K.L.:
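Input: one structure, supplied below.
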Protein chains: 2
Amino acid sequence: MPTIIDVAKTAGVSKSTVSRVLTDNGYVSKESRKKVLSAMEEIGYIPNILARQFQSGVTKTIGFIAPSYMNTMGKFLQVFMETAKKYGYFVNLYLTSEDKQKEIEALNQMKFKQIDGIFILTRTNEWEVIKKFSQYGPISTWNRIEEDWIYSSYFDHYEGYLKALNYLYNQGYRQFGHVLGNSQNLNTKARLKALHEFHQNKGLKLDDEWLIQESSLYDDGKLIGEKWIDSKSKPDVLAFYSDYIAAQFISRIEEKGFKSPENIGVLGFDNSEISELMHLTTVDYSIEKQAYNSFIYLYNQLNEENIAEKKLTTKIIKRKTIVNRT
Amino acid sequence: MPTIIDVAKTAGVSKSTVSRVLTDNGYVSKESRKKVLSAMEEIGYIPNILARQFQSGVTKTIGFIAPSYMNTMGKFLQVFMETAKKYGYFVNLYLTSEDKQKEIEALNQMKFKQIDGIFILTRTNEWEVIKKFSQYGPISTWNRIEEDWIYSSYFDHYEGYLKALNYLYNQGYRQFGHVLGNSQNLNTKARLKALHEFHQNKGLKLDDEWLIQESSLYDDGKLIGEKWIDSKSKPDVLAFYSDYIAAQFISRIEEKGFKSPENIGVLGFDNSEISELMHLTTVDYSIEKQAYNSFIYLYNQLNEENIAEKKLTTKIIKRKTIVNRT
DNA sequence: CTGTTAGCGCCTTCAG
DNA sequence: CTGAAGGCGCTAACAG
């Protein structure tokens, strides 16, 4: 592997000059530049990235932390990585299996200068713990959180959920069930606010049995399916905070001979691949743009630039698990 | 950030001694070691990975190339990454969108010493093109290929498929349809051999219309669904080479009011998450072990070790899309 | 067993 | 505008 010294020799200049043309930094005469360029060409010079990283203390890679391979994650990751590549960054994936220690290890990579910034799809440790790492570089997340040490490209779940519930109402549904995630999560809080307002405004009673919180992405959809089968007060529609859980729910009740929309309306959330396959009516809230924004934030921080973010929008994707009952 | 020099000073030894305890290389007296260790503790020393990488010319990271974030990929990636981490390696994901140029760029990372080895889930370029990069480091893949410059942790699709077909036969199915992938792929060839033998042995006619090849992971399942709906000579069972395509197929025929297993038996392949959600009968062929083996091969190559691989096994996962018709 | 020394490849002052 | 020189943090001979 030729180095700048080799280039310098064959170009008949000093290595500093070569370095200058490489970094486009400082003055280089046209002739020198030309000589250097053709010398590089001639001997097939390729800059040693390792040396550069070492020298600059920067890796041009971003860590992407997620608890596990999730269905929802596909589109997000793809866009995030494409954007990163476009701006000259690599992406390191860390799958934590919801193991706090593993998440810490990933976070530590930034401390060790192994990555320049971090994106967290879904955290495992408390924010308080994560916060400590923000001194080593920028962090962004998908969860909604309003603190200044972290960026959140969040979608307004209050408005989005309200819109979805109104849609269900207009389709003739009256007995609502809600499946929400982690109650600490600001998205969950926003949804909670939306649904309380909604029930109040429409004069609809809220059945506590069917206000389900803290469901995780593992197999809670199945458990909820069982709960629904056994329940005496079945809601006529269930609004989930994630397609994946909704899919598990349907999958489970189908095993027992029930069906959506015949026996219960189901509304997913995410417009993920699985929702298409299983004909789930769902809510699209421009995941792609969130992924873009999440990277752009990190990029802006890292490079002191100010590239604009994209504005998010919502749309209800009508498929088969919600019907008009009026 | 303290360096080994700082450690050396506070421990009252030379930096080489510090380096020795760090790398566990060469002799260090117990006392020196203890002094160094406590000095590191005291000043909060963390090795600079960038410097190490630069110095050794090695990044301890493996590139993982895939066309996109596929459903099937989840389990594989998870195990691959866990194994990698266990052995002190990072994983860099490259999503190529089936763009040859992007794949080349990823391959190039090894030339530029950005990664030490490469795993290819599904290639986009021809093997001939990829082969050139094997001079820069080890490459392994999931596809079956028998050449010495690349390792393939392949599952024996000949036996696996034969086993699956026999199972279907025993359940009473007689008119078979087969959906296979890329015909260049050795896995496809193995399956082709298996199915020909199977049809011959059982005296079953093979309907050319239902020997489908070259189907890609995008949305061919849907197209096949339409084909099936329109066809006059419908097979009574369709064996797919991937759960995902099978899922798309079922999804599409359901839209038109058909169902599996009532109207057609469906056999998936992979035992992926989606197959569980959609109650697909499928074939499990220990993806986890393949992921493990794929990494281990690279590790062995890179470190001149000889860790044993795991043996692969097959199992038919009985769910709902195949029934006993006898 | 330990210290000295010489790089790894690149970038960045600092003189000229 | 250009060359010389120093340094980033660490490892690996090489003497002692």
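These figures come from a predicted structure and were not determined experimentally. Residue numbers start from 1 in every chain, and the chains themselves are labelled A, B, ... in the order their sequence lines are given, proteins ahead of strands.
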K.L.:
Verify the ring-centre separation between A/Tyr89 and A/Phe295: is it less than 6.0 angstrom?
P.N.:
yes
K.L.:
Are B/Leu95 and A/Glu82 close enough, and set up right, to give a side-chain contact (heavy atoms from CB on, under 4.5 Å), and what steps lead you there?
P.N.:
CA-CA 8 Å; B/Leu95 263 22; A/Glu82 271 169 17; over 6 Å; no
K.L.:
Quick one: does A/Asn293's side chain have a donor or acceptor within less than 3.5 Å of a partner on A/Glu309's backbone?
P.N.:
no
K.L.:
Calculate, to the nearest 0.5 Å, the distance between atoms NZ and CG belonging to B/Lys102 and B/Asn125 respectively.
P.N.:
13.5 Å
K.L.:
Hey, does B/Ser56 reach any base, or is it just sugar-phosphate, or nothing, if we go heavy atoms under 4.0 Å?
P.N.:
nothing
K.L.:
What is the ring orientation for A/Phe119 with A/Phe80, classed by angle as parallel under 30°, tilted 30 to 60°, or perpendicular over 60°?
P.N.:
tilted
K.L.:
Quantified as the angle between the terminal helix axes (five pairs each), what is the overall bend of the helix from C/dC1-D/dG16 to C/dG16-D/dC1 to 10 degrees?
P.N.:
50°
K.L.:
Check this for me, if you would: do A/Arg33 and A/Asp24 make a salt bridge, where the nitrogen-to-carboxylate-oxygen distance has to be below 4.0 angstrom?
P.N.:
yes
K.L.:
Going 5' to 3' on DNA chain D, which nucleotide is the first and which the last to come under 4.0 Å of a heavy atom in chain A?
P.N.:
D/dC1 to D/dG9
K.L.:
For nucleotides 7-16 of chain C, read 5' to 3', which letter fits each nucleotide if B means a protein heavy atom sits under 4.0 Å from the base, S means only the sugar-phosphate is that close, and - means neither?
P.N.:
BBBBBBB---
K.L.:
Side chains of A/Asn300 and A/Glu305: is there a donor and an acceptor less than 3.5 Å apart?
P.N.:
no
K.L.:
Between atom CG of B/Leu107 and atom NZ of B/Lys131, what is the distance when rounded to the nearest 0.5 Å?
P.N.:
14.0 Å
K.L.:
What orientation do A/Tyr285 and A/Trp142 show, parallel under 30°, tilted 30 to 60°, or perpendicular over 60°?
P.N.:
parallel
K.L.:
Using a distance-only test with no angle check, is there a side-chain donor-acceptor pair under 3.5 angstrom linking B/Asn182 and B/Thr188?
P.N.:
no
